[in-house]
Q: 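Sharing a structure, written as structure tokens. Questions coming.
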Amino acid sequence: MTTSPVPTTAEQTTNAPTAPLTPPTLQRVAQRALLLDLDGVLLDTRPVMREAWRKVQEDHHLDIPFAAYEAHLGREFSDIMERLGVVDADGVHRTYGAASTAAAHLAQEFIGITDVLHAFVAAGWRLGVVTSKHVDRAAPLLAQLGCPFGTVRTPTGSGRSKPAPDPLLLALVELGVDPASAVYIGDMPVDREAATRAGVPYIHAAWGYGEPGSPAVAVAQSPTDLLALLHQATACTPFVEGSLV
């Protein structure tokens, strides 16, 4: 009787069915975003605002001091006018806007802010600006920085203005970043309130125009203090694609 030859070990290995490959677990670092206010955080625009308000006082015969206007910084212009009891808010806005544009050259970037922003970009963070300054006045000021902002939210867009959470949330939608993976840097109470209502961690810029208030919040004494965020982000554990982390 003829028997079939027994396959060798090599033949068994060659003829064995190939096991399906198991794809490796996908991991990626969560996309992060740094959102910043403009006035008092990115640029020292107080000289610009002071000059624009002087023009308003002169042309509209207002005796409201600049300090009263400054106390409400962070709010949309029409909101400030209402709080100050200004009747011709539209006319004042036109005067203030034109004077601000003409005096834009008086704005100065805070020492170190540009280098810090570029460091965040190099680390893969997305940058965004959330300001209550209208776009026609914000654009020439931001152009001075020469930084790649992924979004700039101003009152001319959709949604409510600060202290509502809308501009922060809309900025994060445009950047594709979750609120918990973002940080907002502001210097006024409305900045803090907007961040809290949006569920975005907040850091107070001590070099700006307002006080951190209470209860206590994280405070950065200078723009370079923000670089600590990069080290904190590096220490975070990457999350698994599809998980709830």
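All values derive from a computational prediction rather than experimental measurement. Throughout, numbering of the chain's residues begins at 1 and tracks the sequence.
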Q: Looking at residues at least two apart in the chain, or sitting in another chain, which of them share a salt bridge (charged side-chain N to carboxylate O under 4.0 Å, His left out) with Glu70?
A: Arg46
Q: When you compare the side chain of Leu172 with that of Leu35, does any pair of heavy atoms fall below 4.5 Å?
A: yes
Q: Below 6.0 angstrom between ring centroids: does that apply to Trp53 and Phe66?
A: no
Q: For the residue pair Leu117 and Leu36, establish whether any side-chain heavy-atom pair is separated by less than 4.5 Å.
A: yes
Q: Do Val183 and Tyr202 have side chains that approach each other closer than 4.5 Å (heavy atoms only, starting at C-beta)?
A: no
Q: Is Glu76 reaching over with its side chain to a backbone N or O of Thr154, donor-acceptor style, under 3.5 angstrom?
A: no
Q: Under 4.5 Å between any side-chain heavy atoms of Arg75 and Pro163, yes or no?
A: yes
Q: Would you tell me whether Gln31 and Ser181 have side-chain atoms, one donor and one acceptor, within less than 3.5 Å of each other?
A: no
Q: Heavy atoms, side chains only, cut-off 4.5 Å: are Arg137 and Tyr96 in contact?
A: yes
Q: Are any non-hydrogen side-chain atoms of Trp207 and Asp44 less than 4.5 angstrom apart?
A: no
Q: What I'd like to find out is whether the side chain of Asp37 reaches to under 4.5 Å of the side chain of Tyr184, using heavy atoms alone.
A: yes
Q: Spell out, as yes or no, whether a donor-acceptor pair under 3.5 Å connects the side chain of Asp166 to the backbone of Arg160.
A: yes
Q: Any side-chain heavy-atom pair from Val121 and Pro148 closer than 4.5 angstrom?
A: yes
